[in-house]
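Here is the structure we will look at, set down as C-alpha cells.
Values reported hereafter were calculated over all heavy atoms of this structure, with side chains retained and with hydrogens, waters and symmetry mates removed. None of the values given here were measured: they were computed from a predicted structure.
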Amino acid sequence: MQMKNFFLSLFLAITSWGCNQTVSTQKEKEDKPNVIIIYADDLGRGILGKYGQTKIATPNLDKLALQGKTFTNAYGSNVCSPARASLLTGLNNAKAPVHTPGGLVCELEAGIIDQATFDKKIYRKHNEGYYYIGEMAKSAGYHTSYIGKLGFGYSDTKEMIDSYGFDYHCGLYDAVLCWSFYPPHYRLNGKKIPIPNNPKLSKREPICPLVGKENMTYSEDIWLEHALDYLEEKKDDPFFMIYATQLPHGPASIAPKDFKYKDQEGWTKQERVYASMINKLDESVGAMLTKLEELKIADNTVIIFTSDNGHEIQSYTTVNPQYKDPDIVYDYESNSFDQSKVKPNKEQMYWDGHQRGEDIFNGTLGRRGMKRYNFEGGLNIPYIVKWPGMVKPNSESNLMIADYDIMATVSDIIGGEMKPNDGISILPTFLDQDDQKEHDYVFFKCTTGSAQDVIIKDGWKLINELDTKNSDYTTKEKIYSWALYNLNDDPFEKQDLASQFPEKVEEYQRLIDKENNAKVLYK
C-alpha cells in the first residue's frame, strides 16, 4: 500500500510539474505580444475614411481605427528611404544610414552593369555600425520577418537585410524595381524566385502597366500570401513582422481582378486605378486581421499601421513620362500636374505647394505640398495602433510623433535592448497613461523637392523653402529662404512670419545645425 501511495504521489507531482510548465510557457507567450508593422508607401492621411476620405471605401482600415487608437499629428519623412532608415534605426534622417541609390538591382538584372560594378556601388559600409530594429526584436527573443519593399527601399542585398536583424525576408531589394507591381522576380531569403508571365527587365526601369494582363502576377498578392503563411507558421512563437507593401506608390497600376473602380463615372482611368489600389491595400489589411482571428492570436498581437511619407498626387494625375521628376512643371491655369496641359509657350514655374483642387481625393487634407516636399502635405502620415485589451478602442491622440519613434515604442512593448537614438516611446499614450514623454521638437532633413531642412517645435515650423518666384525653372536655378509658420493658426502654411520673429528663426536654426552636426553615439 505504501509503495502504491509512493508511485501515486510521484505521478501527481510529475503531472503537476508538467501542468505548471505548460501554464508557465503559455504565460510567457502571453507576456510577449506579437508585433506587426504594416507600412504603406506614399499614403497620405486623407486617403483613409477615418481621416475624412469620402470617395474611396476603406472598411478594414476604418475598422482597425475603431478597434484602436488613431494619431492625428504623426510625421513621416518626405520620401521613402529616409523614412525607412528612421524606421530601422530610430534615428532622424540627419543621423540615419545613407541609402544606396536605387536602380542598381535593375541595372544588374538588365545587364547594364556587371556584378563587380554593382558590388562597388552598393553602400555596404555606410550601413555598418548602426543598431537596427530587427536586432532589437531578436534581443527580446522574437523571430523577425520583413516582407515587401525591403530595406531602405532603394538598393539593398541579402547580406544587408540579414544585418538589419531579420530571420526571414521576402520581397524586392530595389526601389526602382518596386515601381512595378509586376516585377520579373522577387527574393525569398536571398533566393531569386522568377514570376512567370511578368515582363522581363531589358533596361533600368521596369515595365509599369496601368492595368496588367490576366496571366500576370500582381506583387501584393505574393507578399500577402507569404505574410499569411508566416503567421500560420509562427502562431505559437513571439514574432515581429514588418509588412512593407508597395501600395499605393505610383505609377498607378492594378490587376484586372482588383480593378474595383473601373466603371466609376467622372474619374480618369488613372484615378480609377489608384482608388482600386487603395481598395487592394485595405483588403490586404483585412486578410491579415482575419488570419489573426482564425489563429486565435489577435488578442496578443499589436498592429501599427502607418506610412513612410505623405500623399503623392502625381501617382495618378500626370501622364508625364518624367513622372519621377520632383521638379515637374505645375500648370497653374488648369491646377494640374498633367504635362499635356503645359503649353511650350507658357512660362514654366516651380509649384509653390499650395493645393488648388488638383487632387480629387484630397489625400493631403488640403495641406501644402505632397511627397518630396517638407510641407505638411508631404510629411503628414496616418498612424493607427490596435492592441486588444490594452489600447482603448475608437480613441484618438494629438501627440506629435515621428517615424523615428517606432523603434523605441516597439522596444518598450516587447522588452528589447535599446541603444541611444532620437525616438521616444509612445507606449504610455497607447495605454492612456499620464507619464508620456514628449518631443521638444521633431526634425527632418531633406535635399529634394521645394524644401530643405525643417524643424517643428511648440506649434511653430521653420522650413528652408524654395523661393518659387525668384527661382528659374528653365535654368534650374533654385533660391531658398527660411520661412516660419505657426501651424496652430496656419496649418496650410500660407503666412510666413519669419520677418516678425527673427529671434525664433535664429533659435530654430541653431537647433537644425545641432542635428546636422550630431554624431551617432554607438557607430
Side-chain angles (χ1 to χ4, degrees), residues 37-45 51 69-97 130-133 136 152-153 242 244 304-311 364 367 369 371-385 396-413 418-430 436-446 451-463 485 487 491 508 511-512 514-516 518 520:
I37 297 173
I38 303 176
Y39 207 57
D41 198 349
D42 295 359
L43 185 71
R45 279 195 302 153
Y51 290 98
K69 185 182 291 288
T70 302
F71 286 77
T72 59
N73 197 18
Y75 286 96
S77 300
N78 74 335
V79 287
C80 68
S81 184
R84 291 161 201 272
S86 291
L87 166 69
L88 290 171
T89 63
L91 298 169
N92 71 42
N93 48 41
K95 305 172 190 171
Y130 291 88
Y131 186 57
Y132 292 95
I133 195 170
M136 182 275 295
F152 290 83
I242 298 178
I304 298 174
F305 176 90
T306 188
S307 179
D308 52 0
N309 50 251
H311 183 53
T364 64
R367 300 304 197 266
K371 175 186 176 180
R372 301 188 184 90
Y373 295 73
N374 265 347
F375 300 123
E376 294 296 283
L379 292 175
N380 286 168
I381 55 173
Y383 195 110
I384 304 168
V385 59
E396 193 171 284
S397 172
N398 193 45
L399 178 71
M400 182 175 69
I401 61 176
D403 49 15
Y404 46 85
D405 293 331
I406 291 177
M407 185 171 175
T409 303
V410 173
S411 171
D412 214 1
I413 292 172
M418 276 304 297
K419 296 186 179 181
N421 63 30
D422 296 309
I424 60 173
S425 169
I426 58 174
L427 179 59
T429 298
F430 284 6
Q436 177 64 63
K437 180 181 178 181
E438 297 187 27
H439 283 291
D440 182 30
Y441 56 83
V442 294
F443 168 80
F444 299 98
K445 187 173 183 61
C446 175
Q452 301 295 307
D453 295 354
V454 59
I455 193 168
I456 303 169
K457 176 179 170 63
D458 299 329
W460 291 86
K461 178 175 184 176
L462 182 69
I463 180 170
Y485 300 99
L487 295 178
Y508 286 12
L511 291 174
I512 288 176
K514 172 187 172 184
E515 293 301 321
N516 279 326
V520 181

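For Tyr132, the ring pair (Phe, Tyr, Trp, His ring centres under 6.0 Å) partners are Tyr164, not counting sequence neighbours. Evaluation of the side-chain hydrogen bond (donor to acceptor under 3.5 Å, both in side chains) rule for Asn93 yields Ser77 as partners, not counting sequence neighbours. By the side-chain hydrogen bond (donor to acceptor under 3.5 Å, both in side chains) test, Asp412 pairs with Ser425, sequence neighbours left out. Remark: Lys419 engages Tyr131, Glu417, Tyr522 in a side chain to side chain contact (heavy atoms under 4.5 Å, CB included) (not counting sequence neighbours). With sequence neighbours left out, the ring pair (Phe, Tyr, Trp, His ring centres under 6.0 Å) criterion links Tyr404 to His439. The side chain to side chain contact (heavy atoms under 4.5 Å, CB included) test applied to Asn516 returns Ala94, Phe443, Lys445, Asp453, Ile512, not counting sequence neighbours. Taking Tyr383 as the reference, Phe71 meet the ring pair (Phe, Tyr, Trp, His ring centres under 6.0 Å) condition, with sequence neighbours excluded. Applying the side-chain hydrogen bond (donor to acceptor under 3.5 Å, both in side chains) test to Asn374 and every residue at least two apart in sequence or in another chain returns nothing. Take Asp440 and apply the side chain to side chain contact (heavy atoms under 4.5 Å, CB included) test, not counting sequence neighbours, and it matches Lys457. For Glu396, there are no side-chain hydrogen bond (donor to acceptor under 3.5 Å, both in side chains) partners two or more places apart in sequence or in a different chain. Residues passing the side chain to side chain contact (heavy atoms under 4.5 Å, CB included) test with Ser411, sequence neighbours excluded: Met136, Met418.
Taking CG from Asp405 and NZ from Lys437, the interatomic distance works out to 10.0 Å, rounded to the nearest 0.5 Å. Distance CZ/Phe305 to CD1/Ile381: 10.0 Å, rounded to 0.5 Å. For the atom pair Thr70 OG1 and Asn398 CG, the distance stands at 12.0 Å (nearest 0.5 Å). The CD1 atom of Ile455 sits 9.5 Å away from atom CG of Asn92, with the distance rounded to the nearest 0.5 Å. Interatomic distance, CD1 of Ile133 versus OG of Ser86, reported as 11.0 Å (0.5 Å rounding).
The two atoms that bring Met407 and Leu88 nearest to each other are SD-O, 3.8 Å, heavy atoms only. Across all non-hydrogen atoms, the minimal contact from Arg45 to Tyr51 is O-CB, 3.0 Å. Scanning all heavy atoms of the two residues, the minimum distance from Ala96 to Thr89 falls at CB-OG1, 3.9 Å. Across all their heavy atoms, Arg84 and Ala244 have their closest contact at NH1-CB, 4.0 Å. Minimum heavy-atom separation, Gly76 to Phe444: O-CE2, 3.5 Å. Scanning all heavy atoms of the two residues, the minimum distance from Gly377 to Arg367 falls at N-CB, 3.6 Å.
Under the 4.5 Å side-chain criterion, counting only non-hydrogen atoms from C-beta, Leu511 is not in contact with Leu462. Side-chain contact between Glu376 and Ile456 is present, with heavy atoms from C-beta onward closer than 4.5 Å. Put simply, the side chain of Leu43 reaches to within 4.5 Å of the side chain of Pro382, judged on heavy atoms. Side-chain contact check for Leu87 versus Asp403: every heavy-atom pair is 4.5 Å or farther apart. Residues Leu487 and Trp460 form no side-chain contact, since every pair of their non-hydrogen atoms from C-beta on lies 4.5 Å or further apart.
Under the 3.5 Å distance criterion, the side-chain polar atoms of Thr409 are matched with a main-chain donor or acceptor of Ile426. Checking side-chain atoms of Thr306 against main-chain N and O of Tyr39 turns up no donor-acceptor pair under 3.5 Å. A donor-acceptor pair is defined here as one N or O able to donate and one able to accept, closer than 3.5 Å; such a pair exists between the side chain of Asp308 and the backbone of Asp42. The backbone N or O of Leu379 lies less than 3.5 Å from no partner atom in the side chain of Asn78, so there is not a single donor-acceptor pair. Side-chain atoms of Asn421 do not come within 3.5 Å of backbone N or O of Leu91 as any donor-acceptor pair. Of the possible donor and acceptor atoms, one in the side chain of Thr72 sits under 3.5 Å from a partner among the backbone N and O of Ser397.
For the residue pair Glu515 / Tyr441, a side-chain donor-acceptor distance below 3.5 Å is found, with atom types taken as modelled.
Among residues at least two apart or in separate chains, there is no salt bridge (Lys or Arg N to Asp or Glu O under 4.0 Å) pair with a member in residues 71-83.
Looking at Asp41 and Lys371, no side-chain N of the basic residue comes within less than 4.0 Å of a carboxylate O on the acidic one, giving no salt bridge.
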